[in-house]
There are 2 protein chains.
Amino acid sequence: MTSVEEPARPGERIRDAARTRAEILDVATQEFARAGYDGARVDEIAAHTRTTKRMIYYYFGGKEQLFTAVLERAYGVIREAEQQLDVDHLDPVAAIRRLAELTFDHHERHPDFIRLVSIENIHGAEHIAASEELGRMGSPALDVIRRILAAGQESGLFTADVDAVDLHAMISAFCFFRVSNRHTFGALFGRDLVDPAQREHYRAMLGDMVIAFLTAERTAD
Amino acid sequence: MTSVEEPARPGERIRDAARTRAEILDVATQEFARAGYDGARVDEIAAHTRTTKRMIYYYFGGKEQLFTAVLERAYGVIREAEQQLDVDHLDPVAAIRRLAELTFDHHERHPDFIRLVSIENIHGAEHIAASEELGRMGSPALDVIRRILAAGQESGLFTADVDAVDLHAMISAFCFFRVSNRHTFGALFGRDLVDPAQREHYRAMLGDMVIAFLTAERTAD
DNA sequence: TCACTAATGTACGAACCAGTACGTTAGCTA
DNA sequence: TAGCTAACGTACTGGTTCGTACATTAGTGA
């Protein structure tokens with residue numbers, strides 16, 4: 001995230017709206033991800049900031065809107081990563097694998113994002129619904145998938161006639177679950193899905209799974 | 001769940017420890033699944049019960065232990081379903097598909113269970129760790145998968161040499177995500193993954209995916 | 001340089017909420 | 001049938017937590 005670090009001279013009151021706002025967002029992201037929406041404490045967020053609780057209400061209006069802003073930024077980050085993806089020079093099989101790995105890597109690097117999304121789902125995605133920004137912005141990943149699928153299906157490489165949204169769900173499911181359910185899965189089955197030593201194993205497994213699905217001979221249709 | 005419905009004659013105080021305990025568990029399951037751990041209100045649980053808050057503390061000790069008891073029962077339900085599964089008469093391919101469908105069906109029928117597990121993950125699976133019962137009981141599904149995999153790999157039908165835990169993770173990921181992330185996914189991509197009209201579609205997709213993965217020709221090894 | 005406003009800080013209130021002290025009664029058993 | 005205990009109810013408390021009223025100052029534009 002875009003953490004702001006400025007040498008705060010003690011006793012001096014420096015005014016910087018953008019910095020204060022950004023700092024609140026940074027800390028709020030951590031706190032919400034740590035404890036969930038209701039478990040998060042506004043006072044705790046303020047305490048980890050160089051400003052006071054008053055500023056949270058000044059800039060965001062309330063806990064609810066703060067969480068929405070946190071979500072907006074977190075989704076913005078993954079969208080940026082997706083936009084940077086360039087797979088037009090790859091053949092469909094390699095392109096799909098690359099895309100899947102991007103999702104895999106992003107989810108692994110941003111467990112806070114995963115937690116925020118889990119939390120938002122517990123609350124019925126009401127903050128996304130309340131956010132204009134989140135409704136507006138589409139998904140670059142979906143566009144990429146659409147193009148790869150079209151190419152793969154046209155060339156006959158891909159036998160499955162899935163649509164982009166479903167394929168995105170399949171990829172996301174694997175990547176998301178690995179991080180989101182790490183703790184219960186580990187406690188129940190004694191295997192840490194996010195163990196760094198197993199990282200390449202699962203990354204390959206995801207690619208193999210998606211490619212196998214897309215290229216399998218259909219027995220009967 | 002095992003809801004208990006007894007005609008409560010008004011003004012009369014009927015004593016039934018088992019019924020009271022079960023009723024608290026029923027209501028607590030709903031309340032925790034609805035609002036998350038910190039969002040859930042002990043008073044609210046009590047209010048939807050024919051008894052009082054005092055009884056929650058009498059039987060369970062506290063909010064924390066109540067949530068643990070709720071989790072224990074929820075996991076018990078899926079374990080029972082898994083134990084009923086009999087796939088020994090099926091060939092490996094059909095057997096794996098049947099097992100995947102069992103998970104699919106259970107997750108779809110028990111969204112509360114999914115929410116509880118999501119909530120438990122937000123809290124680092126600390127309640128599972130604190131529960132003797134949950135640590136003790138293994139997973140019948142894993143045993144089944146192990147047997148099917150062994151048969152499939154021996155007969156040469158399965159080319160992938162996955163292990164049971166990983167395959168279980170793959171199946172669970174798809175089934176879990178579909179329910180757990182229903183709201184954010186729906187809000188962002190405009191597709192309801194739990195739409196009844198799409199049920200068979202996703203159920204087949206899951207089976208196709210798993211079978212394709214297990215039976216794909218490996219290009220290089 | 002003066003005045004105005006955006007930005008910030010302090011102190012507090014009102015509601016909420018987990019947990020408990022204390023009192024009561026149903027139903028079993030000796 | 002007496003008495004004992006498991007099962008239950010009422011009423012309250014102490015701490016917490018979101019939110020705000022009110023006061024203050026930094027920086028900017030006229």
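Quantities reported herein were computed from a predicted structural model and do not represent experimental measurements. A note on names: the letters A, B, ... follow the listed sequences, proteins ahead of strands, and every chain is numbered from 1.
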task = Choose from D:dT17, C:dA18, D:dA7 the nucleotide whose nearest atom is closest to any side-chain atom of A:Arg41.
result = D:dT17
request  = Give a yes or no on whether a donor-acceptor pair under 3.5 Å exists between the nucleobase atoms of D:dA6, that is its base, and the side chain of B:Arg15.
outcome  = yes
ask   = Between C:dT8, C:dT20, D:dT17, which nucleotide has the shortest distance from any of its atoms to the side chain of A:Arg54?
value = C:dT8
key: Interatomic distance where CD1 belongs to B:Ile45 and P belongs to C:dC17 [whole Å]   = 12 Å
request  = Only one of B:Glu72, B:Arg136, B:Gln65 passes side-chain hydrogen bond (donor to acceptor under 3.5 Å, both in side chains) with B:Ser131; say which it is.
outcome  = B:Glu72
inquiry  = Applying a 4.0 Å non-hydrogen cut-off, can you work out what B:Thr51 is touching in the nucleic acid: base, sugar-phosphate, or nothing?
reply    = sugar-phosphate
key: Position toward the 5' end of DNA chain D (nearest nucleotide), A:Glu44 or B:Arg21   = B:Arg21
request  = Using whole Å, report how far CZ of B:Arg50 lies from P of D:dG9.
outcome  = 11 Å
ask   = Could A:Arg146 and A:Asp163 be called an ion pair, given the rule that one side-chain N must be under 4.0 Å from one carboxylate O?
value = no
salt_bridge(B:Asp26, B:Arg73) N-O dist < 4.0 Å = yes
request  = Inspect the contact between A:Arg203 and A:Asp105 and indicate whether a charged nitrogen and a carboxylate oxygen are less than 4.0 angstrom apart.
outcome  = yes
query = In whole angstroms, how far is the C1' atom of D:dT13 from the OH atom of B:Tyr57?
reply = 13 Å
inquiry  = Measure CD1/A:Ile56 against P/D:dT17 and give the value in whole Å, please.
reply    = 14 Å
task = Please state how far atom CE in A:Met55 lies from atom C1' in D:dG19, giving the value in whole angstrom units.
result = 14 Å
inquiry  = What is the separation between atom CZ on B:Phe32 and atom C1' on C:dC17, rounded to the nearest whole Å?
reply    = 13 Å
ask   = Given atom CZ of A:Arg19 and atom C1' of D:dA26, what is their separation to the nearest angstrom?
value = 13 Å
task = For A:Ala46, answer base if it contacts any base atom (sugar-phosphate contacts may also be present), sugar-phosphate if it contacts only those atoms, and nothing otherwise; contact means non-hydrogen atoms under 4.0 Å.
result = nothing
inquiry  = So A:Tyr58, base contact, sugar-phosphate only, or nothing? Heavy-atom distance under 4.0 Å.
reply    = base
ask   = Hey, does A:Leu142 have a side-chain heavy atom less than 4.5 Å from the side chain of B:Phe189?
value = yes
query = Under 4.0 Å between a side-chain N or O of A:Thr20 and OP1 or OP2 of C:dA7?
reply = no
key: Of the listed nucleotides C:dG19, D:dT10, D:dG19, the one nearest the side chain of B:Lys53   = C:dG19
ask   = Could you give the CG-to-C1' distance, from B:Asp16 to C:dG27, as a whole number of Å?
value = 12 Å
inquiry  = Just to be sure I understand the rule, does B:Phe60 reach a base, reach only the sugar-phosphate, or reach nothing, if contact means heavy atoms closer than 4.0 Å?
reply    = nothing
task = Could you work out which one of D:dA7, C:dG9, D:dC18 sits closest to the side chain of A:Lys63?
result = D:dC18
